[in-house]
Amino acid sequence: MINATYPFDALMDITARPPVVFVRGKGSFLWDDDGKRYLDFVQGWAVNCLGHSPPVVAEALAAQAKLLLTPSPAFYNAPSLKLAKALVDHSCFDRVFFTNSGAEANEGAIKLARKYGALHRSGAHEIITFEGGFHGRTLATMSASGKKAFEPLFEPKVSGFPKARLNDLASVKGLINDKTIAVMLEPIQGEAGVWPATDHFLRELRTLTREHGLLLILDEIQTGMGRTGKLFHYQHAGIEPDIMTLGKGIGGGVPLAAMLATEAACCFEHGDQGGTFNGNPLMCAAGLAVLQQVADPDFLKSAVDSGLYLESELQRMSARHGLGEVRGRGLLVALDLRHPIAAPIVAQAFDDGILLNAPQPDALRFMPALNVTREQIAGMIDALDAVLTRIGAARRVA
Ligand SMILES: *Cc1c(COP(=O)(O)O)cnc(C)c1O
């Protein structure tokens, strides 16, 4: 129902959106301006790790807003110092650079690697990335992405991002030359449809990059902050990358992202990197509130349990409807539909009050709040089951 009170055509038309305006969110639920309630398994695109408008984040924002919004990036502020220290304490990294978006964090990682190459490897600057990878929508991060649809866009691209194949070490080795400075990947390719790098492959990459003196950059913008059941995905593989980027979940709903690096990789000199809002106290206060919850071992344990439950319920449903595999880890899970029927399923589920995402025409992705309940998972499964039955029946008639 297009609501005449909203001037829809004043926004640039950059994507197809359902003609509904969301006005309120709480936990796993969203409400539109008509009062209709939706069970949300998109959660701001794997952003709202504590659900919609979590009280701890709302309170941290309100308190910080009254205290100090921003003193300028040229001065220290308390929330950014505290959040950086907490991230360093919980990870294998030594220093943090805060940004306002994931793409900007990846831009920072690319710049840091190029600087490292300029300083230590006589100007080596190529960063091996992967087919199917997604790193953002700035020019450099689109160039680093291995998304087919990006290829013809906004030419010329930023050069220096040769593409290897995920879980194929030989394809990486074949691209290494004296211009190479780093290997960069998502531990699970989220936008491509939830395609995991194996832990074995991540360990092989760590060994290979060490042998060649290359930096290993993990884009954990989607997999980090507890999404896959550990605070950071690299911990599953037992490796230590040189650089990691975080986004999405780190702010629990507000625009916050970060680039973390080991001391050895930190080589920016004054003037190399910055930004007006980077590390502003308001967003960092939200980040602190989020990290305090998500880093709690009991919280992570319950996210793991929810992930296992979601996975097993999806597997049973897949068997009932003759669909394909369930892949992913923790609460980043995809269901392979084996046919390009994701769009009508998402549209029907939307009408039924369930928000789902289709990263590919033949796959559904589930990225609920990390504190989603068993009951909410069961509710989503029942609703999706009904949609699949209807769509399956329609397909058989057609
Ligand atoms: C979402 C995402 C990005 C881009 O983050 P933005 O905040 O949209 O710029 C980069 N890498 C991965 C893996 C992502 O999932």
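Counting starts at 1 for both ligands and their atoms, following the listed order.
- Asp336 contributes no side-chain N or O that, together with a main-chain N or O of Gly324, makes up a donor-acceptor pair within less than 3.5 Å.
- Those atoms of ligand 1 with a heavy atom of Ala103 less than 4.0 angstrom away are 4 (C), 5 (O), 6 (P), 9 (O).
- Residue Lys248 approaches ligand 1 through these ligand atoms, each under 4.0 Å from one of its heavy atoms: 1 (C), 2 (C), 3 (C), 14 (C), 15 (O).
- Contact annotation for Trp45 and ligand 1: no heavy atom of the residue comes within less than 4.0 Å of the ligand.
- For atom 8 (O) of ligand 1, no protein heavy-atom neighbour is present inside the 4.0 Å cut-off.
- A distance-only check finds a donor-acceptor pair linking the side chain of Lys157 to the backbone of Glu151 [under 3.5 Å].
- Using the six-membered ring where Trp is involved, Tyr38 and Phe350 have ring planes that are tilted, between 30° and 60° apart.
- Remark: ligand 1 atoms within the under-4.0 Å shell around heavy atoms of Glu186 are 13 (C).
- Taking a cut-off of under 4.0 Å to the non-hydrogen atoms of His135, the atoms of ligand 1 that pass are 10 (C), 11 (N).
- For ligand 1, the atoms lying closer than 4.0 Å to a non-hydrogen atom of Ser101 are 7 (O), 9 (O).
- Side chain of Glu325 to main chain of Leu337: no donor-acceptor pair is present (N/O by atom type, distance under 3.5 Å, no hydrogens or angles).
- Ligand-side atoms of ligand 1 in range of Asn106: 10 (C), 11 (N), range being under 4.0 angstrom from any heavy atom.
- Considering Ile221, Leu291, Leu256 as possible partners of Ile250, the one that fulfils the side-chain contact (heavy atoms from CB on, under 4.5 Å) test is Leu256.
- For atom 11 (N) of ligand 1, the closest non-hydrogen atom of the protein is Asp219 OD2, 2.7 Å.
- Heavy-atom contacts of Gln222 reach the following atoms of ligand 1: 15 (O) (cutoff under 4.0 Å).
- For the pair Asp352 (side chain) and Leu384 (backbone), a donor-acceptor distance under 3.5 Å is absent.
- Every atom of ligand 1 with a heavy atom of Gly102 under 4.0 Å away is listed here by number and element: 5 (O), 6 (P), 7 (O), 9 (O).
- Distance alone, capped at 3.5 Å, places no donor-acceptor pair between the Gln235 side chain and the Ser91 backbone.
- Side chain of Arg121 to backbone of Tyr116: no donor-acceptor contact under 3.5 angstrom is found.
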